[in-house]
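Each chain gets a letter, A, B and so on, in the order the sequences are listed, and its residues count up from 1.
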Amino acid sequence: MDLSFTSEQEILQDSAVKFAQKGYSFDQYKKSLKAPGQCDPAIWKQVAEFGWLALAVPESAGGIGGSTLDIALVAEALGAGLVIEPFIAGAIFPAAIIAASESAGRQDALLGNLASGDAQLAVAYSERAGRFDPAQCTTIADKNAKGFVLSGEKICAFNAPNASHLIVSARNGSAVDLFLVPRETAGLSLTAYPVLGGGVAADVKLDGVQVDSDARLGDITALEAGLDKAIAVDCALALGGMKALFERTSAYLRTRKQFGVAIGTFQVLQHRVVDMFIELEQSRSLVLLATAKADSGDAVERRRAVSAAKAYVAKASKMVAQQAVQLHGGIGMTEELDVGHYFRQLTAFGTRFGDRDYHLDRFQAVAAA
Amino acid sequence: MDLSFTSEQEILQDSAVKFAQKGYSFDQYKKSLKAPGQCDPAIWKQVAEFGWLALAVPESAGGIGGSTLDIALVAEALGAGLVIEPFIAGAIFPAAIIAASESAGRQDALLGNLASGDAQLAVAYSERAGRFDPAQCTTIADKNAKGFVLSGEKICAFNAPNASHLIVSARNGSAVDLFLVPRETAGLSLTAYPVLGGGVAADVKLDGVQVDSDARLGDITALEAGLDKAIAVDCALALGGMKALFERTSAYLRTRKQFGVAIGTFQVLQHRVVDMFIELEQSRSLVLLATAKADSGDAVERRRAVSAAKAYVAKASKMVAQQAVQLHGGIGMTEELDVGHYFRQLTAFGTRFGDRDYHLDRFQAVAAA
Amino acid sequence: MNFDYSPEEETFRQEVRTWMEANAPRDPSGIATGMRIGKETQFAWEKKLASKGWLAYTWPAEFGGPGFTPVQRDIFDAERARAGAPSVIPFALMMLGPVLMKFGTPEQQKRFLPRIASAEQVWCQGYSEPGSGSDLASLKTQAVRQGDKYIVNGQKIWTTQAHWAHWIFCLVRTSGDGSKQQGISFLLMDMNTKGIEVRPIVTIDGHHHLNEVFFTDVEVPVENLVGVEGQGWTIAKYLLTHERTAIAGVGDSKRQLRWLSETVARDPALKDSPHARRRIAELEVDLLALEYTNLRTLDRMAKGHSPGPESSGLKIKGTELQQGISEAQLEFGGLQAMPWGQDVEGEPVYRAASTRYNFLRACTIYGGSNEIQKNVLAKVLIGL
Amino acid sequence: MNFDYSPEEETFRQEVRTWMEANAPRDPSGIATGMRIGKETQFAWEKKLASKGWLAYTWPAEFGGPGFTPVQRDIFDAERARAGAPSVIPFALMMLGPVLMKFGTPEQQKRFLPRIASAEQVWCQGYSEPGSGSDLASLKTQAVRQGDKYIVNGQKIWTTQAHWAHWIFCLVRTSGDGSKQQGISFLLMDMNTKGIEVRPIVTIDGHHHLNEVFFTDVEVPVENLVGVEGQGWTIAKYLLTHERTAIAGVGDSKRQLRWLSETVARDPALKDSPHARRRIAELEVDLLALEYTNLRTLDRMAKGHSPGPESSGLKIKGTELQQGISEAQLEFGGLQAMPWGQDVEGEPVYRAASTRYNFLRACTIYGGSNEIQKNVLAKVLIGL
């Protein structure tokens, strides 16, 4: 057992923390909110130049092939900095799927564009009736002479409005397979919208979308592997947000005065902050575990750790976010202060890629298996 | 809408409160714990003389035929006084079953003995695999020429060691029926034990127990009606215990000093007491509702109110009991102080006649029906 | 003891229900969330209520209200919520009205009450200031008497609907002597007076309900003082404790929970989930406890008593439950609750959920945070 | 970064597991509850550990311990719990031992440490007094120096296993000057000394673990003073913060939860209950968070650092989890958990549940209540 980071990881973490603290102010956040697709091209370029977009791209495809922990270190800093550019949804998640799929070698050009920041991707796997379960898939891939015809509906495909290609899951016979669909393909239509807490998404209609045989990336195991990696990284992102809220709240309690004293002298508020801190540290332990296991070849071990982390952090981050607003009082409710924006970011985290309820069920199913 | 009590009810409440406060000290409680069957005959005689045992006995059988509210007013006082004599399990619950059964008229002599305190009864309906559900019954009643032969096992029949007769539920063809079985019948054997929080119970074995045809009291609806009445009354008993703990805890916070000040000046403890008080009052509202509806002919309305009360009070009383011990610190953990005894009493309340989990399910099933 | 309504009350309920069904604004998404409803819809609705004589539904007949009993008021509010209609803007109707009835001069009563009851005048409340959140008495806005006028300077914050209001009632400091409570007075101001500036505050639900209100040398006639100078704190306390019937929010919570459970029942992903059904059952039981605690308070009020100890938890439990229901709406909504600030196809309760969830974080903060409520109650219970 | 144990550590684990399986006392009901185990069983078990050299398993080799690394200690404790064996009586092994190693004279170390490590001497701890619960420094038991003796008068309370112990270490007041902390000293006493009286306290689990200890003109040789006069508070703080490895109780909680989940899996009434299974999953996730937080602390200690901020929640979360698991055991037990103070047929975990549930209410009270723990942590975090 050794929980030290390598010196490379410490450098990576340092640069991400510095970027988030100095390169990405609250004003930049508000600017990014108004940028097309809520992604400021200048910021995206910087993120690419740091090499962070290449972290989930295999070395064989010209990427860095970093561990999940490497990526999580960046994500935590981005979460702490309220960076809303689609680091996970537009790059890490789809890259991890492709890297884990049978067709990995065939997509090097696309992955190269992704790593350089020239293209973004998105994954469309959720359906209304399936909630968070990638195996609940009613979208159909009908094989024909030219390849496959995709038909069905997906909801809330994060970052889809910004993507050059979508990775779409569809039922191919008895299997659920993954298909790479260029955004401009006939029959593919998006209803785009901004998302709670920042970023954009789309509901996706596939109305007889014809793709080549080559478009088939692989089967659902690649999606599951990519999803687990994305979730572990997303938990690290949430951890950053929790830490930021803890720091802002404890600082506010030190300075804000009521009844002639700093409100941090009130025992009830003190204990609330202690609870926030304890939840933050407990969360960190499971996030470390999830990032360590996300790269495991043992899918059971991987799922167990990832679902435990997501189930725990979903609850802990909700508590931290709610109490941060409560302890700030009125000012915590306003758009003017960043606290409320972290609150929304963490609220969205609780839902995306599966909520606590879903992951407790999955954790239990893995434990029972 | 009028939530006043009648003047008769106020008198009844007064006398019960006075008895519990003056006639039943903590020393008397400890004496009763050591009495045979944890029931002091002198106390039981007083309870009978007050007429409280006759409250659930119909007027036609020489009883008082009181409303559930009448009985609940007595029970709340008994709960507040830590009276462990088997008011509900030995008298109210079985009397309510008989009163609701088809054979009501035939049991007047037995009910007379019950009302006078000369006999106690008990109900044996719970089975290991059925948990709290009276309809889950594997005990069999085989009809034969002499009547019925009962075979099976019951667990945790409260007050059975003190009872002259047991009311036993058994499957009679496709129905679940109730049978009155004299304690000394051949084939009936009891494993008696003291119960958490006071009182006694027994696991009951029925090994080919022959009873007359007359022994059949009626079907399960009488058990269900009696059970709902018993639960509403038991919730009132718990309310009394919660009130006692709230009072003792707030008094302790006023007088106990640490760090040179009364511990009631610490805001965290203040808010804890406020939470206890709020839970007490919310509980009272549902207990009033349950007692009002326990006599309703509409079984759906009755079940809904009773299960709501039990589900709520089980949670609230657990919180109040735990915090009472926590706020008393070490002394709350000892046998010397009554706080720990109320704690155990309320802990047992959470389980008997169905726990929160069971009653939430029942509440939901009724709402869905 | 019985919880049954009298036949007269049942008749009244039916009358209100019928009227609500015919008259409640039809704007499901906006009304249901209770937030997105616009000024025009709100004002039109209040006019309609006024024309029926039901806008000032908590007022006695002698001051132009319908003279409802406490139980009737509760029924009225429950039926209003049941129909999905918005609640009335409370500042004039629930707060200023009772204050004028008790502390106002006959002239003030005649001047303002009829205009309020007729929906002619909408009011906002100037209490909080930037430096005084829970510590209301530390307010700094000054009113200096000059002849027959006060000159007001200072700032209020968190002023709900100030951008809609015609008038504002304010706590102002008229003296720096004595305790900080003693120097406070209660003043009425026309929002059109020169020197009053309203600046919007956008909240985390993405909407504009709140404002800052700035006062720069605002001239207010002395006849706009309510009570006497220095009586402001007494009036403020009266105002805060006066209106308890609707504080628990039972009617609106019932409607929100029913809306959710009906949606879940047809949601293919949740209708068979034991966890979703359990959570709804838990909320229903909690709501039932709140409802009957509220009825106990109503029963006391109907008998002419002041609310009993049971009422102290109504605000705390009521707001916790509002938040709890909105949390369930958000979480059951799942991905369908993710779209933000833009209408998308889907179940209305899920679509409204994230806005409601964000908005309702405020309900444990405003009107005396729940922490402050517990401090006050602890003083009563422990007495230290 | 990795959480994997080294091959050496895995070998060590296997060695401990094998030994535990062969040597742990066989008394499932008593041991499992960790409470009903009698003096003879406990003492015999400690002797057995001592003969293996593992009783003082947290001690360095130079003082007669096995010299385990922090990770080995944790493995040892986990395997001990896994086997269902009782933990050792901690007062001498976890508390006094480290104190003597740091503050004791060579003579004191030689006199006591070997006897403790060999299970010859069992100790108890005299800290709390009737008037000083969480406010430990307000203690009143007096030790007055007379020649080469102290004369001790006063009373201790909540003294665990005083009725088993041969010796007691006490905080006593040797001076009334200065701050209340300054006059405190750390004194060792033979329980057989004249003037020491032990009276039992029965707790709400129905058992006798605790005692009051009365001191009447007890004569204690000055060589039984640890450190110097007035150093008692410093020593007490060292003692309280020294031992963190086992504070989270991960091993025992794991065993209790596994015991429960295995029972539920064969319980016809619960095995298909989604609510029971969900509750177990929630507890498992919480326990996993605690386990890995504990490992983070171990990792720091193994590297020679002091425990980091992550360790501050170990006691709070650890005790909450112990209580949470016992609550689930009680509630899943249902009617089978109702028998009290008498053995009845049924699942062992259910039968033990009410006793455990009652007993474990203490774990958020003793050793500095969780409220005090949070006060201390708040000071660090907020700094006010």
At a 4.5 Å cut-off on heavy atoms, which part of B/Arg256 comes close to chain D: side chain, backbone, both, or neither?
side chain
In terms of heavy-atom pairs under 4.5 Å, which option from B/Gly197, B/Gly260, B/Gly330, B/Gly354 contacts chain D the most?
B/Gly330
Segment of D/Thr364 engaging chain B (4.5 angstrom heavy-atom cut-off):
both
If only side-chain N and O atoms count, and only distance matters, is there a donor-acceptor pair under 3.5 Å linking B/Glu127 with B/Thr138?
yes
Test B/Asp355 against every option in B/Lys318, B/Arg131, B/Arg362 by the salt bridge (Lys or Arg N to Asp or Glu O under 4.0 Å) rule and name the one that passes.
B/Arg131
Consider only side-chain N and O atoms of B/Asn159 and B/Gln120, and report whether a donor and an acceptor are under 3.5 Å apart.
yes
I would like to know whether D/Glu345 and B/Thr191 meet side-chain hydrogen bond (donor to acceptor under 3.5 Å, both in side chains); could you show each step before the answer?
CA-CA 9 Å; D/Glu345 203 187 342; B/Thr191 306; over 6 Å; no
Given that the side chain runs from C-beta out, which part of D/Glu331 has a heavy atom under 4.5 Å from chain B: side chain, backbone, both or neither?
both
Which residue out of B/Val325, B/Ile155, B/Thr347, B/Val268 racks up the most heavy-atom pairs below 4.5 Å with chain D?
B/Thr347
Donor-acceptor pair between B/Gln326 and D/Glu371 side chains, under 3.5 angstrom
yes
Which region of B/Phe343, side chain (C-beta onward) or backbone (N, CA, C, O), has a non-hydrogen atom less than 4.5 Å from a non-hydrogen atom of chain D, or is it both or neither?
side chain
Engaged part of B/Ala348 at the chain D interface, taking heavy atoms whose separation is under 4.5 Å:
both
Name the region of D/Leu270, side chain, backbone, both or neither, that has any atom closer than 4.5 Å to a heavy atom of chain B.
side chain
Do you know which of B/Gly130, B/Pro194, B/Cys156, B/Gly340 has the most heavy-atom pairs under 4.5 Å to chain D?
B/Pro194
Contact origin within D/Ile372 toward chain B - heavy atom pairs under 4.5 Å
side chain
Given heavy-atom pairs under 4.5 angstrom as the criterion, report whether the side chain, backbone, both or neither of B/Ala192 touches chain D.
backbone
If you count heavy-atom pairs under 4.5 Å with chain B, which of D/Glu327, D/Gln323, D/Lys374, D/Lys180 comes out on top?
D/Glu327
Which value, rounded to the nearest 0.5 Å, describes the distance between D/Arg361 atom CZ and B/His328 atom NE2?
14.5 Å
Counting heavy-atom pairs under 4.5 Å to chain B, which of D/Ser369, D/Ser354, D/Gly131, D/Pro339 comes out on top?
D/Pro339
Measure distances from B/Phe132 to the heavy atoms of chain D and classify the residue's part below 4.5 Å as side chain, backbone, both or neither.
side chain
When the 4.5 angstrom heavy-atom criterion is applied to B/Ile331 and chain D, the contacting part is both
Quick one: what part of D/Ser132 sits under 4.5 Å from any heavy atom of chain B, side chain, backbone, both or neither?
backbone
Looking only at side-chain N and O atoms, does D/Ser87 offer a donor or acceptor that is under 3.5 Å from a partner on D/Asp252?
no
Please find out if less than 6.0 Å separates the ring center of B/His341 from that of B/Tyr29.
yes
Residue B/Asp133 versus chain D: region with a heavy atom under 4.5 Å:
neither
Ring centers of B/Phe158, B/Phe93 separated by less than 6.0 Å
no
Using non-hydrogen atoms only, which part of D/Val344 is less than 4.5 Å away from chain B: side chain, backbone, both, or neither?
side chain
With a cut-off of 6.0 Å (strictly less than), are more than 12 heavy atoms of other residues, nucleotides or ligands near NZ of D/Lys315?
yes
Would you call D/Glu347 and B/Arg128 a salt bridge, taking side-chain N to carboxylate O under 4.0 Å as the test?
no
